[in-house]
Amino acid sequence: MSGPAREAVHPDLAGGVAVVTGGGRGLGRSMAAALARQGMSVALLDLLGTVEGEGARLHAETGVAAFGAVTDVTDPDSLEAAFQRVEAELGTPRVLVNAAGVAVWAHALDQPVEQWRRVLDVNLTGTFLACQAFGRRAVPAGRGAVVNVASMSATIVNVPQHQAAYNASKAGVAHLTASLAVEWAATGVRVNAVSPGYFLSDMTRQFTDANPDLRRRWEELTPLGRMGQPEDLDGLVAFLASHSSGYITGQSIAVDGGYTLV
Ligand SMILES: NC(=O)c1ccc[n+]([C@@H]2O[C@H](COP(=O)([O-])OP(=O)(O)OC[C@H]3O[C@@H](n4cnc5c(N)ncnc54)[C@H](O)[C@@H]3O)[C@@H](O)[C@H]2O)c1
């Protein structure tokens with residue numbers, strides 16, 4: 001089959017409210033647009049000051065209610081304020097996508113502890129804190145779906161770069177996903193994760209721009225022979241957010257062009 005992929009429609013999502021951390025750009029922004037196209041109202045939470053404009057742009061593009069709020073996922077008070085605004089302006093959130101993250105390459109022998117802690121703090125603790133803020137609303141409401149963004153780095157060790165902190169943080173996200181899925185299983189709240197391979201985004205461009213051979217090497221290591229485009233996650237995030245995946249919880253699903261198979 002050729003031509004552009006057609007998007008599946010999940011009618012149960014229409015009219016619901018989604019919160020997307022890291023929604024200011026990259027994969028988070030793209031997944032937020034996918035949920036908006038299903039008719040969900042969306043709040044974009046991001047450290048970037050440009051997130052407010054992105055919220056307005058998402059509203060203009062899709063017609064759904066949307067806003068962007070500067071939020072730090074490592075700070076529970078910042079998250080609580082953002083979720084209170086979501087409840088006041090959009091309603092009780094039904095879907096949470098945790099895409100906020102940072103990547104750092106470093107040699108373990110000389111990695112400063114502050115850098116290690118920052119990666120764990122944003123990627124793992126930030127994901128937990130956003131799940132907590134969401135769960136405090138979705139569990140009493142008796143319904144909800146979390147889609148965390150783990151990584152293939154949760155299960156493989158990337159080469160040629162060294163990124164122990166990132167890999168450990170994403171392994172943590174995958175097991176946090178499974179743990180919350182079990183803890184909340186009886187409440188009507190499901191928790192899953194997408195595990196991207198190498199995707200084109202600002203996060204990876206900072207590395208490939210400095211080293212063009214790297215992209216070629218990553219593509220050679222990927223059976224499908226290319227890096228992922230942000231849209232490659234759209235169908236899965238909508239599926240995991242919807243009732244169509246109602247019997248799936250605790251899973252981290254690879255979207256990696258086959259990278260983890262070889
Ligand atoms: N690009 C890839 O190849 C790839 C592969 C696997 C997983 N991922 C994961 O996907 C997610 C999105 O990454 P991306 O590639 O779009 O990168 P990106 O850098 O474009 O997006 C990450 C976003 O997270 C935001 N953020 C960082 N710290 C934050 C904080 N403390 N509070 C709130 N927001 C914060 C950033 O401002 C940015 O907008 C990340 O979790 C990343 O680890 C990316």
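We count ligands from 1, going down the list as the structure has it; atoms in each ligand are counted the same way.
- For ligand 1, none of its N or O atoms has an N or O atom of Gly26 under 3.5 Å away.
- For Asp256 (side chain) and Thr260 (main-chain N/O), a donor-acceptor pair under 3.5 Å exists by modelled atom type.
- Taking a cutoff of 4.0 Å between a charged side-chain nitrogen and a carboxylate oxygen, Glu114 and Arg118 do not qualify as a salt bridge.
- Looking from atom 35 (C) of ligand 1 to the surrounding protein, the closest heavy atom is Ala100 CB, 3.7 Å.
- Ranked by closest heavy atom to atom 33 (C) of ligand 1, the top entry among Val51, Val97, Thr71 is Thr71.
- Listed by number with element, the atoms of ligand 1 under 4.0 angstrom from any heavy atom of Asp72 are 30 (C), 31 (N), 32 (N).
- Residues Asn158 and Ser153 bring a donor and an acceptor atom of their side chains to less than 3.5 Å of each other.
- In terms of polar-atom proximity, defined here as any N/O pair under 3.5 Å, Val122 makes no such contact with ligand 1.
- In terms of protein heavy-atom proximity, atom 17 (O) of ligand 1 is nearest to Met203 CB, 3.2 Å.
- Under a 4.0 Å heavy-atom criterion, Leu48 is in contact with ligand 1.
- No side-chain donor from either of Trp116 and Gln111 sits under 3.5 Å from a side-chain acceptor of the other.
- Scanning all protein heavy atoms for the shortest distance to atom 32 (N) of ligand 1 gives Val73 N, 3.0 Å.
- Of the protein's heavy atoms, Phe199 N, 2.8 Å lies nearest to atom 3 (O) of ligand 1.
- Residue contacts with ligand 1: Ala99 is included, with a non-hydrogen atom under 4.0 Å away.
- Remark: Met152 CE to Thr222 OG1 distance equals 6.0 Å, nearest 0.5 Å.
- Inclusion of Asn123 in the set of residues having an N or O under 3.5 Å from an N or O of ligand 1 is not warranted.
- The protein atom (non-hydrogen) at minimum distance from atom 19 (O) of ligand 1 is Arg25 NH2, 2.7 Å.
- Between the CZ atom of Arg117 and the OG1 atom of Thr125 there is a distance of 11.5 Å, given to the nearest 0.5 Å.
- Salt bridge present: Arg137 and Glu80 bring a charged side-chain N and a carboxylate O closer than 4.0 Å.
- Nearest to atom 30 (C) of ligand 1 among the protein's heavy atoms is Leu47 CG, 3.5 Å.
- Checked by atom type, the side-chain pair Ser30/Asp234 shows a donor-acceptor distance below 3.5 Å.
- At the top of the distance list for atom 16 (O) of ligand 1, counting protein heavy atoms only, stands Leu27 N, 2.8 Å.
- From Met203, atom CE reaches atom OG1 of Thr208 across 12.5 Å, with rounding to the nearest 0.5 Å.
- Ligand 1 lies less than 4.0 angstrom from a heavy atom belonging to Gly197.
- Among protein heavy atoms, the minimum distance from atom 41 (O) of ligand 1 is reached at Lys170 NZ, 2.9 Å.
- Polar contact with ligand 1: present for Ser201 (N/O pair, distance under 3.5 Å).
- Distances between N or O atoms of Pro196 and those of ligand 1 include no value under 3.5 Å.
- Counting heavy atoms only, Gly101 comes closest to atom 27 (C) of ligand 1 of the residues Ala130, Gly101, Pro230, Ser153.
- For Asp202 and Arg25, the salt-bridge test passes: some basic side-chain N is under 4.0 Å from an acidic carboxylate O.
- The atoms of ligand 1 that sit less than 4.0 Å from any heavy atom of Tyr198 are 3 (O).
- For the side-chain contact (heavy atoms from CB on, under 4.5 Å) with Asp75, the lone residue among Asp77, Val73, Thr71, Leu79 that qualifies is Asp77.
- Between the OG atom of Ser201 and the CD atom of Gln229 there is a distance of 10.5 Å, given to the nearest 0.5 Å.
- A distance of 11.0 Å separates OH of Tyr259 from CE of Met227, quoted to the nearest 0.5 Å.
- Judged purely by distance below 3.5 Å, without hydrogens or angles, the side chains of Thr177 and Asn148 pair a donor atom with an acceptor atom.
- Remark: ligand 1 atoms within the under-4.0 Å shell around heavy atoms of Val149 are 9 (C), 10 (O), 11 (C).
- For Met152, the closest heavy-atom approach to ligand 1 does not fall below 4.0 Å.
- The pair Glu61-Arg29 meets the salt-bridge criterion, since a charged nitrogen lies less than 4.0 angstrom from a carboxylate oxygen.
- For ligand 1 and Thr204, the ligand atoms under 4.0 Å from any heavy atom of the residue are 1 (N), 2 (C), 3 (O).
- For ligand 1, the polar-atom distance check against Asp46 finds a nitrogen or oxygen pair separated by under 3.5 Å.
- Using 4.0 Å as the threshold, Ser195 has no heavy atom nearer than that to any atom of ligand 1.
- Ligand 1 does not have Gln206 within reach: every non-hydrogen atom of the residue lies 4.0 Å or more from it.
- Proximity to Ala150 (heavy-atom distance under 4.0 Å) selects the following atoms of ligand 1: 7 (C).
- The pair Arg57-Glu54 meets the salt-bridge criterion, with a side-chain N (NZ, NE, NH1 or NH2) lying under 4.0 Å from an Asp/Glu carboxylate O.
- Under 4.0 Å from ligand 1, the heavy atoms of Arg118 that appear belong solely to its side chain.
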